[in-house]
Number of protein chains: 2
Amino acid sequence: MGKEPTGPREQRHSQLLRGVLDLCLLALIAERPRFGYEIVEALGESGLELVSEGSIYPLLARMERNGLADTYRAPSPSGGAPRKYYRPTEAGLAELEAGRTAWLVFRGAVDQALSAGTPKEDTPEEGR
Amino acid sequence: MGKEPTGPREQRHSQLLRGVLDLCLLALIAERPRFGYEIVEALGESGLELVSEGSIYPLLARMERNGLADTYRAPSPSGGAPRKYYRPTEAGLAELEAGRTAWLVFRGAVDQALSAGTPKEDTPEEGR
DNA sequence: CAGGAGTATCTTGCACCGCAAGGTAATGAG
DNA sequence: CTCATTACCTTGCGGTGCAAGATACTCCTG
């Protein structure tokens with residue numbers, strides 16, 4: 001077994017996350033205040049299982065530094081280090097809204113680009 | 001004249017393209033052989049207008065180096081430098097297929113993650 | 001008390017890649 | 001020749017996901 005430091009498959013996943021991971025975090029903490037450890041699990045349930053702590057803690061810190069989120073501490077009820085809960089600021093909510101729109105536009109563009117060169121396709125109307 | 005080198009809005013776009021741009025190129029050259037200059041325009045028609053030559057020429061070269069695409073030269077019929085046409089190899093087609101699947105999975109995961117914390121939404125189903 | 005396990009946060013350094021900016025080359029018109 | 005157009009290529013910067021490792025708090029066991 002060659003020791004492959006991040007194979008080519010999961011590498012694509014890392015690249016795909018760029019530009020969207022911060023929005024996912026904002027959406028999650030907009031639903032309700034959450035702490036880092038919890039967010040990793042929540043992302044896993046959405047299908048983003050490969051996201052690890054090394055990614056989100058720096059990202060959360062950056063969002064706080066940029067005024068997109070603020071935090072408060074609370075003791076852990078399950079025993080352990082105190083939790084640091086994040087919740088979006090007004091600027092964070094605005095960024096989330098803008099980001100959602102950007103994502104929808106981008107998603108449509110990629111879908112269309114990837115539909116080029118498909119072996120069997122009906123190429124439906126586009127004039128509507 | 002505020003010289004703003006890439007504002008925050010188009011910056012997100014750049015990050016979003018990562019992990020997907022190569023697939024878009026593969027899809028375009030899988031449809032038919034194309035040359036770089038043409039690809040920029042084709043991407044623009046898909047809604048990815050911000051993709052510039054500085055992005056795709058290095059990317060095309062990388063794909064050729066990695067055995068995902070091969071090339072041939074042909075003179076330009078409209079007067080100008082000779083064109084370099086790209087077309088996918090077998091490995092490139094396989095990569096494209098794998099990438100399309102990865103994109104669909106990722107797209108669904110992000111959609112689900114972003115649907116968290118939406119202000120007003122019906123949340124159609126979701127297990128009762 | 002000491003030690004270990006589980007929970008949770010934070011930091012460092014690397015590697016990847018899109019892109020602005022600038023350069024090269026070929027062709028045809030004036 | 002010079003200019004315009006078409007087309008390709010290269011350099012350097014900058015943002016960011018992530019593996020790996022360090023830190024800290026709490027509870028349990030002996």
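Letters A, B, ... are given to chains in the order of the sequence lines, protein chains preceding strands, and every chain is numbered from 1.
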Side-chain atoms of A:F35 come closest, of C:dA8, D:dC9, C:dA26, to C:dA8
Between B:S14 and C:dG18, is there a side-chain N or O to OP1/OP2 distance below 4.0 Å? no
Of A:L17 and A:S78, whose nearest nucleotide on DNA chain D comes first from the 5' end? A:L17
Kindly indicate whether the side chain of B:E53 and the base of D:dC8 share any N or O donor-acceptor pair separated by less than 3.5 Å? yes
Where A:P33 and A:Y72 come nearest, the two heavy atoms and their spacing: CB-OH, 3.4 Å
May I ask you to decide if A:G19's main-chain N or O and B:R12's side chain share a donor-acceptor pair within less than 3.5 Å? yes
With nearest nucleotide decided by heavy atoms, which residue, B:G79 or B:V51, maps closer to the 5′ end of DNA chain C? B:V51
Calculate the interatomic distance between B:R62 atom CZ and C:dC16 atom P; express it in whole Å. 10 Å
Given atom CZ of B:R83 and atom P of C:dA26, what is their separation to the nearest angstrom? 16 Å
Within the structure, does a side-chain N or O atom of A:S52 lie under 4.0 Å from either OP1 or OP2 of D:dC18? no
Determine the contact category for B:L21: base if any of its heavy atoms lies under 4.0 Å from a base atom, sugar-phosphate if only primed atoms, P, OP1 or OP2 are that close, otherwise nothing. sugar-phosphate
Specify the separation, in whole Å, of atom CG of A:L59 and atom C1' of D:dA19. 17 Å
Once you apply a heavy-atom cut-off of 4.0 Å, does B:Y86 come out as touching a base, just sugar-phosphate, or nothing? sugar-phosphate
Report the distance from atom NE2 of A:H13 to atom P of C:dA15, rounded to the nearest whole Å. 22 Å
Do A:T89 side-chain atoms and A:G67 backbone N/O form a donor-acceptor pair below 3.5 Å? yes
Taking CG from B:L23 and C1' from C:dG18, how many angstroms apart are they, rounded to a whole number? 15 Å
Shortest non-hydrogen contact between B:A69 and B:I29, atoms and distance: CB-CD1, 4.1 Å
Report which part of the nucleic acid A:S55 touches: base, sugar-phosphate, or nothing (heavy-atom distance under 4.0 Å, all strands). base
For B:R87, look at atom CZ and say whether over 12 heavy atoms of other residues, nucleotides or ligands are found less than 6.0 Å away. no
In whole angstrom, give the distance that lies between atom CD of A:E41 and atom P of C:dA8. 8 Å
Looking at B:R18 and C:dC16, is any side-chain donor or acceptor paired with a base atom of the opposite kind under 3.5 Å? yes
B:A81 or A:G54, whichever maps to the more 5' nucleotide of DNA chain D: B:A81
If I compare all heavy atoms of A:Y86 with all of A:E64, which pair ends up nearest, and what's the gap? CE2-OE1, 4.2 Å
Base, sugar-phosphate alone, or nothing: which one does B:P58 contact when heavy atoms must sit under 4.0 Å apart? base
Below the 4.0 Å mark, does D:dA7 have OP1 or OP2 next to a side-chain nitrogen or oxygen of B:S76? yes
Nearest-angstrom distance from the residue atom OH of A:Y57 to P of C:dA8: 8 Å
Roughly how many Å is it from CG in A:L16 to P in C:dC16, rounded to a whole number? 16 Å
Taking the nucleotide of DNA chain C with the closest heavy atom to each, which residue, A:G80 or A:A61, is nearer the 5' end? A:G80
